[in-house]
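Step one of this worksheet: look at the structure below.
The chains referred to below are lettered A, B, ... by the order of the sequence lines, with proteins before strands, and numbering in each begins at 1.
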Amino acid sequence: MFKKFAPSTDIAGHTPIKTSVQRSIRANVLSQWKIEPETLEAIWPKKEGLVHVKCREHVSIYTVHGEPLIFQHFDGPFYPTLRLLHKYPFILPMVKVDRGAIRFLLAGAHMMCPGLTSAGGYLPPADAALPAGTPVAIHAEGKEHAVGVGITKLSTEEIRAVNKGVGVETVTYLGDDLWALQTL
Amino acid sequence: MGKKGKSSAPDPAPTEAVDADAPPAAEPVPPVVVLYCGVCTYPPEYCEFGASLTRCKEWLKEEHSDLFDKYYSEEALQTKVGTLSLEAQVKLEKDMAKKEVKAEAKAEAALKKKMASQIIIKRIERTKRKHITSVFGLEAFDIDLKKAAKQFASKFATGASVSKNPQGLDEIVVSGDVSDEILEMIENEVGILKGIPADNVELVEEKKKKGAAE
């Protein structure tokens, strides 16, 4: 999503959001991510206003004090920025891809099923299976930090079974234009 | 007496319940502090996929030699190969090396262009008495034109703006004849005007009549 993103041309506007909308965003984030209210409070205090930055293609980025924290496409699920995910790795479930796929991921490619099911990859076990359309943290084999944030296109059971085609769509990755933006 | 006995019994129960709830709820989890490479802004373990591995390694060795050992020592390199077969690993390394060379060449070309590019300060006559000064070419030196224009405007107490010249490129137009002062500002690296060698600046005078000074 942020393969080519230039703040000078792709941002339509900055607006502070109404507190009622902020409250609903906070509630959604608490339900979608594995985060405690206190931790969310530390990242985004209740007193602080959220600024809504509108970008092209209905992408909205929410920032606190200029630092982007959350973004969403249309009215879809909320994703944390990769920097936020690095600070709090537990907020999203993890999938891992093997080493050969890393360089393609870093160029913005989506994750194909074989990369997730091969020896270097990792998918959550059947009892913690993720349905399609869940935001996940993409980790890389042998690496400690997440390399991207994605959304599952198939459920983890289907990925294991079908093993063809796109498994996880890459939403943002290390080194894309959103990563380069430290403040908005 | 009876009361005391009664009140003490239920007491421990609620306080216990409160205690059990309070500690887990009250503490936010502290963030993991991640070190990012000074050269490529990735976490150091991903530097090998960036375009500047040699520089990254140097930087890491200087700044955080313990991490350098962790990532680039012999055993670490062995375990990193991981599940990739030998040919795949060799191919990966070759591709990365090629990418790095290309990125270096690009960076050098950009730097050379920067050195060769000129800043042109034009003094244009608006009417017989009035002049405007146009500064062209600051973009090549990574200067934010809007901020520079604002700086000029506040320094000279006059209007300054960024506009497109007939070639379609951006230039800063300052009203009044301030070309010499701007030259001085550039030489002294005032404010935001940093990193411009003095010989790249040229002063030009033009007599063309602009329709309306913007």
Item to check | Heavy-atom donor-acceptor pair, A:T170 side chain to A:A109 backbone, under 3.5 Å | outcome: yes
Next on the checklist: Can you tell me which portion of A:P89 sits under 4.5 Å from chain B's heavy atoms? Options are side chain, backbone, both or neither.
Outcome noted: side chain
Checklist entry - Among all residues two or more places apart in sequence or in another chain, which pass the salt bridge (Lys or Arg N to Asp or Glu O under 4.0 Å) test with B:D170? => result B:K164
Checklist entry - Side chain, backbone, both or neither: which part of A:L106 has a non-hydrogen atom closer than 4.5 Å to chain B? => result side chain
Next on the checklist: According to salt bridge (Lys or Arg N to Asp or Glu O under 4.0 Å), who are the partners of A:E157, at least two apart in sequence or on a separate chain?
Outcome noted: none
Checklist entry - Using the ring of each side chain (for Trp, its six-membered ring), is A:Y88 parallel, tilted or perpendicular to A:F90, with breaks at 30° and 60°? => result perpendicular
Checklist entry - Can you say whether A:A140 sits under 4.5 Å from chain B via the side chain, the backbone, both, or neither, judging by heavy atoms? => result both
Next on the checklist: Please classify the contact between A:A146 and chain B as side chain, backbone, both or neither, with a heavy-atom cut-off of under 4.5 Å.
Outcome noted: backbone
